[in-house]
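Have a look at the structure below before the remarks.
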Amino acid sequence: MESIKAKLAKIVGPDYVSDQPEERYLYAMDPGTMPPRKPDFVVLPENTAQVAAIVRLANMEKIPLVPMGAGLVLSGLTRALKGGIILDMKRMNRILEVNEISRYALVEAGASQGMLQAHLKKHHPGLKHSMPDAPPMATLAGNVLIHGSGHLSHAAGFHSDMLNGLEVVLPSGEIASLGSCAVSPAWFARAPLPDLAGLFLGWAGTTGIVTKLAIKLYPRYKYEDILIFVADKPETVPDILYRITGAQIAEDITAWMTPKPLWAKGFQHINITFAADSKEELIWKRNLLRAAVKPYLESKEAGFMPLPPPMKHRFLQVPASDLARFADIKKGGGFEYVGAIMPVDRFPRAYQEGLNIAERFQAAYSLGARIIGVNHCMMFFYAYAFNRADAADVERAQQALEATNTAVLAMGGIPWKAEEPAQKQILAKMNPQMLGLMNQVRAMLDPNGIMNPGNWEVN
Amino acid sequence: MEHAEILHRCFRCGYCKFPDNYVDLNCPAYLKFRFETYSPGGRMWLLRGLLKGDLQPSARMQEILFSCATCGNCVNHCTMTGFKDLLLEAFTAGKEMLVQAGKLPPPVRDYLTPLLEHGNPFKLPAKKRGAWAAGTAADLYSNQEYLLYIGDVGSYTDRGRAMALSVSELLGRLGVSFGILGAREISDGNDARAMGEKDLFEELARRNLDLFRSAGIQKVITLSPHGFHALKNGYAALGGELQVFHYTQILAKRINKAAFTTPEPPLKVCYHDPCYLGRHNQEYNAARKILFSLPGIQLVEMERHRQNALCCGGGGGNFFTDILGGGADAPARVRVREAAATGAQVLAVACPICANMFEDALKVEGLEDRMHVKDISEVVLERKISS
Ligand SMILES: Cc1cc2nc3c(=O)[nH]c(=O)nc-3n(C[C@H](O)[C@H](O)[C@H](O)COP(=O)(O)OP(=O)(O)OC[C@H]3O[C@@H](n4cnc5c(N)ncnc54)[C@H](O)[C@@H]3O)c2cc1C
Ligand code: SF4
Ligand code: SF4
């Protein structure tokens, strides 16, 4: 009988399937704290037809399938919890279409954030997409599908809000187009049809494998600038954010709080980036932002930080590689964060909980919050660095993360891109009808339970 | 293993896979194979697994480690300032560990064994080394100002020999006083070192240094950036006190616009930065300065140039082992497609390995009608020098 490997090789070519110890070892882990889970195979498909053929094979053989982009989610979502095949999607990295006038880009699922950024800068200099601060290899699909956020999230919401449509290989192996592309050759919107894209957003690859997606693009202005507003009373921050977001001038608003460098300790810094087509407009926007926080400036309760040009330049870097460098602060190669989606009014408590947890676990920490929409919610992050070579330190970080997840849920927030144990915490709190519906949807789409099993599962 | 202490510090963030602007994959081994295992971060973690005993020096592990083209893109683009400079040293140390354990892919063995036995990897007699110079004005070294050091690929491949001829002719026409070693020349050992054969490298370096000392050689011009790197940096670490130049550096000093009086037809040229000249030794300007001095030349840049250049895939011994060859994603093929996209008629190179790699790739890509691979000295000689 033909082995599974031989069958996979027939689909993708022998060079792009591996069951070797080296690939099984490496793909068992991501850069975060979750323990390794080995796949049986790693496969690199090149097109949708190959993905569909792999899914049909997996269905016949009842082998789990784990879709993976860059594996940068940090919470272990691309580990093969129950073995099976990891589909590394990054060979499917073509940028298929950029529609200037309708401001959207159609890409294959493995296309990276960095490559789209470079492509737009070169060929469509008046357009950009909302980049996360994830390393540039992060895929557009991986990020949209987990409800990521980024440099235009204040202006335009979650990255999943910027999704116009999907091509997805269903667990049956059928290929579905969702959004306007289901009816029209153009990928301009998800409205006005029933919004089936939601069946694949936030599901951690448990409902299908996305092969193409279209995302919204936005104007790239000639001039950009950043202001950093600094407060030292966390209870003032929700109001400050309310005022700044109310101006609807900024593109991105992200707060950060770290104990190092020392000058930053104890303060809440709010980075406000904005852009304009002329210097006059930029000044005008800056003035409007300043006006928004006038009472604080007048009372001297909080104020803007002077920014020398090199510092400004660093803060305007997209993606901000400083974030990845947090992994090296203990010379240990690792960090993981809880990203908590929660209402902005929780900021003071969220901040205090972060300090408490870091203190309790003696964790090297960095805290922050990216504002999504016009103060509609925030992604509050609690990042803990760890030393990969020290098992006790990894465990300490794991415990800090778990305690953070518990605290977040207690505050009325929800851990984002939750690790397997955090998913269980969420499910335990979830309205039973929603949980029931989730299970029904999965049972209907994936009767053999081949799609990334172990995720969003009660047991 | 040397530098084992940095392995766990890799976050596997993947900045190292890219050039500055993220336009495309820039680690030639990852570009070709696409498994994370072949990426710089993958190598860091696999080496750690190997040291911990979680993995074995299997055939796959050997292929992965020896597929590194030592291009240095990861060193330039890793985001971790605390250890990035040591990345390539760690990868080479990993290969060294396999070499010491005798766990080598067959093509690596096929490279190293004849190098040890014949002083060159081609299994050819030493007397053939200087054959390219027969009938030319290039004399054997005897107290000229410079030694022109040709190296293995320049001496033993057709393309390399053509390049050696043209460089030596041009140096002569520009009045540079130089001699060659001919049959006495031995391998510079650069690629042996890159393959983890440190002992062999040191042995070759010592023999070369002795030879240079006994012949009174103090200044060396190399044909190949690989030789340039070995003699300039590797030999210096072993006590060598040579002044080492790549031939483009000498030409750049001697050539100026005044040397050309006649107007020439326009020629669109793009230049490929060789890794051992560019990223390893920060020499990005010499070749460009030469091209700028030439009448009629329009220099166009590829999207990836200078510290962002995509390696031809021939470094780290891959020219000999061909681990990175084959398929549309072979780095040399990707690179000639990128060069052709500039609309240039000439892909200018400054390394005999690049010249060989790209000529082959142009054929496979069917681009020979649109573009030619020329060494910098060949581009110069095709213009009329007045002196
Ligand atoms: C330093 C750093 C900074 C970060 N900053 C941000 C930030 O600012 N904003 C942000 O949103 N995130 C951020 N992240 C988190 C994360 O890296 C990104 O969200 C990233 O975009 C995830 O993409 P990926 O390709 O790595 O996805 P992966 O980790 O590969 O996958 C994510 C999930 O999507 C599923 N999946 C992937 N591809 C498919 C597919 N084709 N079909 C179906 N399911 C699929 C996977 O199974 C998994 O469940 C950051 C991470 C790091 C390390
Ligand atoms: S080598 Fe550097 S850039 Fe590459 S993955 Fe490791 S830490 Fe990141
Ligand atoms: S030196 Fe070049 S080929 Fe080797 S790992 Fe680094 S980027 Fe890849």
Side-chain angles (χ1 to χ4, degrees), chain A residues 13 15-18 20-32 36 42-44 46 68 70-72 74 86 88 90-91 93 110 112-119 121-122 134-138 319 321-335 385 387-390, chain B residues 4-26 30-39 41-46 48-52 54-65 77-84 303-304 326-329:
Chain A
D15 290 346
Y16 299 113
V17 52
S18 172
Q20 297 295 298
E22 289 71 20
E23 278 74 36
R24 294 185 62 211
Y25 172 83
L26 195 70
Y27 281 82
M29 303 173 270
D30 82 353
V42 180
V43 177
L44 317 181
E46 199 197 7
M68 171 186 156
L72 282 168
L74 301 185
I86 291 187
D88 178 335
K90 294 192 290 299
R91 277 180 78 216
N93 66 357
S112 70
Q113 302 284 346
M115 283 165 84
L116 181 63
Q117 185 190 50
H119 181 89
K121 276 187 182 168
K122 184 169 177 199
M137 199 70 218
S321 56
D322 276 357
L323 292 192
R325 272 193 288 280
F326 183 59
D328 201 39
I329 60 158
K330 293 179 97 172
K331 295 192 168 53
F335 86 82
N387 182 351
R388 192 175 302 290
D390 175 352
Chain B
E5 74 289 350
I6 67 162
L7 299 178
H8 73 280
R9 288 173 69 183
C10 166
F11 186 41
R12 267 182 64 209
C13 53
Y15 275 92
C16 49
K17 291 172 178 169
F18 282 111
D20 285 343
N21 69 356
Y22 317 133
V23 70
D24 212 338
L25 301 174
N26 223 32
Y30 178 65
L31 170 67
K32 152 92 178 126
F33 288 97
R34 300 299 177 95
F35 285 102
E36 289 291 325
T37 37
Y38 289 78
S39 72
R43 285 164 204 280
M44 294 288 274
W45 284 37
L46 288 187
R48 185 161 175 252
L50 193 58
L51 289 181
K52 286 202 302 178
D54 294 342
L55 290 168
Q56 302 306 312
S58 64
R60 180 74 161 189
M61 178 69 87
Q62 293 167 30
E63 181 185 76
I64 292 170
L65 295 188
H77 294 97
C78 168
T79 192
M80 304 297 179
T81 41
F83 62 86
K84 62 188 276 184
E303 172 102 42
R304 289 174 281 182
D329 287 334

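These values consider heavy atoms only, across backbone and side chains, with no hydrogens, waters or symmetry-generated copies. Just so we're on the same page: letters track the sequence lines, and every chain starts at 1. This structure is a prediction, so every number in the text was calculated from the model and none was measured.
- In this structure B:Leu51 satisfies the side chain to side chain contact (heavy atoms under 4.5 Å, CB included) test together with B:Met1, B:Ala4, B:Leu7, B:Met97, sequence neighbours excluded.
- In this structure, OH in B:Tyr22 is found 10.5 Å from OG in A:Ser112, a value given to the nearest 0.5 Å.
- Proximity to chain B involves both the backbone and the side chain of A:Glu23, based on heavy atoms less than 4.5 angstrom apart.
- The line from CD of B:Glu36 to CG of A:Leu44 is 9.0 Å long, rounded to the nearest 0.5 Å.
- The greatest number of non-hydrogen atom pairs below 4.5 Å with chain B, out of A:Gly32, A:Pro319, A:Ala138, A:Ala70, is found for A:Pro319.
- With a threshold of 4.5 angstrom between heavy atoms, B:Cys10 approaches chain A through N, CA, C or O but not through any side-chain atom.
- In plain terms, the two heavy atoms of B:Thr81 and A:Arg325 that are nearest each other are OG1-CD, 4.1 Å.
- Contact annotation for A:Asp30: only backbone heavy atoms (N, CA, C, O) come within less than 4.5 Å of a heavy atom of chain B.
- Only the side chain of A:Leu74 comes within less than 4.5 Å of a heavy atom in chain B; its backbone stays farther off.
- For a residue to count as touching a neighbouring chain, one of its non-hydrogen atoms must lie under 4.5 Å from one of that chain's; by this rule A:Leu26 touches chain B with backbone and side chain alike.
- Among B:Ile6, B:Asp24, B:Thr37, the residue making the largest number of heavy-atom pairs under 4.5 Å with chain A is B:Thr37.
- Looking only at heavy-atom pairs under 4.5 Å with chain B, the residue among A:Ala118, A:Ala134, A:Gly334 that has the most is A:Ala118.
- Taking each heavy atom of A:Pro135 and B:Cys13 in turn, the nearest pair found is CB-O, 3.2 Å.
- What you find for A:Tyr25 and B:Lys52 is that their closest heavy atoms are OH-CE, 4.3 Å.
- Heavy atoms of A:Tyr27 lying under 4.5 Å from chain B belong exclusively to its side chain.
- Rounding to the nearest 0.5 Å places NZ of A:Lys90 at 5.0 Å from NZ of B:Lys17.
- Interface remark: B:Phe18 contributes side-chain atoms only to the contact with chain A (heavy atom separation under 4.5 Å).
- Residues B:Arg34 and A:Asp88 come closest through the heavy atom pair O-OD2, 4.1 Å.
- Here the NZ-CD distance, from A:Lys122 to B:Glu303, works out to 4.0 Å after rounding to the nearest 0.5 Å.
- Side-chain contact between B:Ser39 and A:Met137: absent, with no pair of heavy atoms (C-beta onward) separated by less than 4.5 Å.
- In this structure, CG on B:Asp329 lies 7.0 Å from CZ on A:Arg91, to the nearest 0.5 angstrom.
- Residue contact with chain A, scored on non-hydrogen atoms closer than 4.5 Å, involves the backbone of B:Phe33 exclusively.
- Listed here is the closest heavy atom pair of A:Ala324 and B:Met80: O-CE, 3.2 Å.
- Side-chain contact between B:Phe11 and A:Phe326: absent, with no pair of heavy atoms (C-beta onward) separated by less than 4.5 Å.
- Contacts of A:Lys121 with chain B are absent, with no heavy-atom separation under 4.5 Å from either backbone or side chain.
- For chain A, the nearby part of B:Gln56 is the backbone; its heavy atoms alone come within less than 4.5 Å.
- Between chain A and the options B:Gly82, B:Gly327, B:Gly49, heavy-atom pairs under 4.5 Å are most frequent for B:Gly49.
- Using a 4.5 Å cut-off between heavy atoms, B:Leu25 touches chain A through its side chain atoms alone.
- Applying the side chain to side chain contact (heavy atoms under 4.5 Å, CB included) rule to B:Arg9 yields the partners A:Asp328, A:Lys331, B:Phe83; only residues at least two apart in sequence or on another chain are considered.
- For chain B, the nearby parts of A:Glu22 are the backbone and the side chain; heavy atoms of each come within less than 4.5 Å.
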